[in-house]
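Worksheet: one structure, shown below.
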Amino acid sequence: QVQLKESGGGLVQPGGSLRLSCAASGPSLDYYALGWFRQAPGKEREGVSCLSSMDGSTYYADSVKGRFAISRDNAKRTVYLQMNNLKPEDTAIYYCAYFAVCGGGYYSILSEDEYWGQGTQVTVSS
């Protein structure tokens, strides 16, 4: 059974930083990329970032480029999202997920929620 468990969310002031972690367990799905999408109230789901373990290709949403950085520890089967210079509009539930497509400006999240984590709340507010 595939499991993704997120940690690291919380409340931070504008301009602050957080690091999200996502630990994968169960069957290895290394042919898929791992990454993050977010869901804010009243807004559409947005792919934030992903990283392929196969070729190292990445995707970043335009809204987070230059502020967020994704990395992966293959030995620990964990992916990290370092979020700097956070803004109130970054407030959302962040979900770790497997991505079928990642890179070249494109992404595609696996649609079945069994390939997602439970989510972690990130709130940016003063």
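Computed from heavy atoms alone, side chains included, the values below leave out hydrogens, waters and symmetry copies. Because the structure is a prediction, the values reported are computed rather than measured.
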Got a list of side-chain donor-acceptor pairs under 3.5 Å for residues 36-44, not counting sequence neighbours?
from	atom 1	to	atom 2	distance (Å)
Arg38	NE	Glu46	OE1	2.7
Arg38	NH1	Asp90	OD1	3.0
Arg38	NH1	Tyr94	OH	2.8
Arg38	NH2	Glu46	OE1	2.9
Arg38	NH2	Ser63	OG	3.3
Gln39	NE2	Lys43	O	2.5

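- Under the 4.5 Å side-chain heavy-atom criterion for Ile, Leu, Val, Met, Phe, Trp and Tyr, Tyr80 and Leu4 are members of distinct hydrophobic clusters.
- Remark: Gln121 pairs with Thr123 by the side chain to side chain donor-acceptor pair (under 3.5 Å) rule, at least two apart or across chains.
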Just list the side-chain donor-acceptor pairs under 3.5 Å for residues 98-120, sequence neighbours left out, or say none.
from	atom 1	to	atom 2	distance (Å)
Tyr107	OH	Gly47	N	3.0
Trp116	NE1	Leu110	O	2.8
Thr120	OG1	Gly9	N	3.3

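- Here the side chains of Pro88 and Ser125 are not in contact, with every heavy-atom distance at 4.5 Å or above.
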Output side-chain donor-acceptor pairs under 3.5 Å for residues 15-29, partner residues at least two apart or in another chain, one line each.
from	atom 1	to	atom 2	distance (Å)
Ser17	OG	Asn84	OD1	2.9
Ser28	OG	Asp30	OD2	3.3

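- Sorted by first and then second residue, the side-chain hydrogen bond (donor to acceptor under 3.5 Å, both in side chains) pairs involving residues 48-58 (not counting sequence neighbours) are Ser52-Asp55, Asp55-Ser57.
- Once rounded to the nearest 0.5 Å, the distance linking CG of Leu34 with OG1 of Thr78 reads 9.0 Å.
- Taking CG from Leu81 and CD from Glu6, the interatomic distance works out to 11.5 Å, rounded to the nearest 0.5 Å.
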Checking side-chain contact (heavy atoms from CB on, under 4.5 Å) for the pair Val79/Ile70: CA distance, chi angles, key distance, verdict? CA-CA 7 Å; Val79 67; Ile70 193 168; 3.7 Å; yes
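- Here Asn85 contributes atom CG and Lys87 contributes atom NZ; the two are 6.0 Å apart, rounded to the nearest 0.5 Å.
- Using a 4.5 Å heavy-atom cutoff, the side chains of Met83 and Val122 are in contact.
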Please evaluate residues Tyr95 and Val48 with respect to the criterion side-chain contact (heavy atoms from CB on, under 4.5 Å), reporting the C-alpha separation (whole Å), side-chain torsions for both, the decisive distance (0.1 Å), and the verdict. CA-CA 10 Å; Tyr95 296 87; Val48 176; over 6 Å; no
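- The closest donor-acceptor contact from the side chain of Asp73 to the backbone of Lys76 lies under 3.5 Å.
- Taking Lys5 as the reference, nothing meets the side-chain contact (heavy atoms from CB on, under 4.5 Å) condition, with sequence neighbours excluded.
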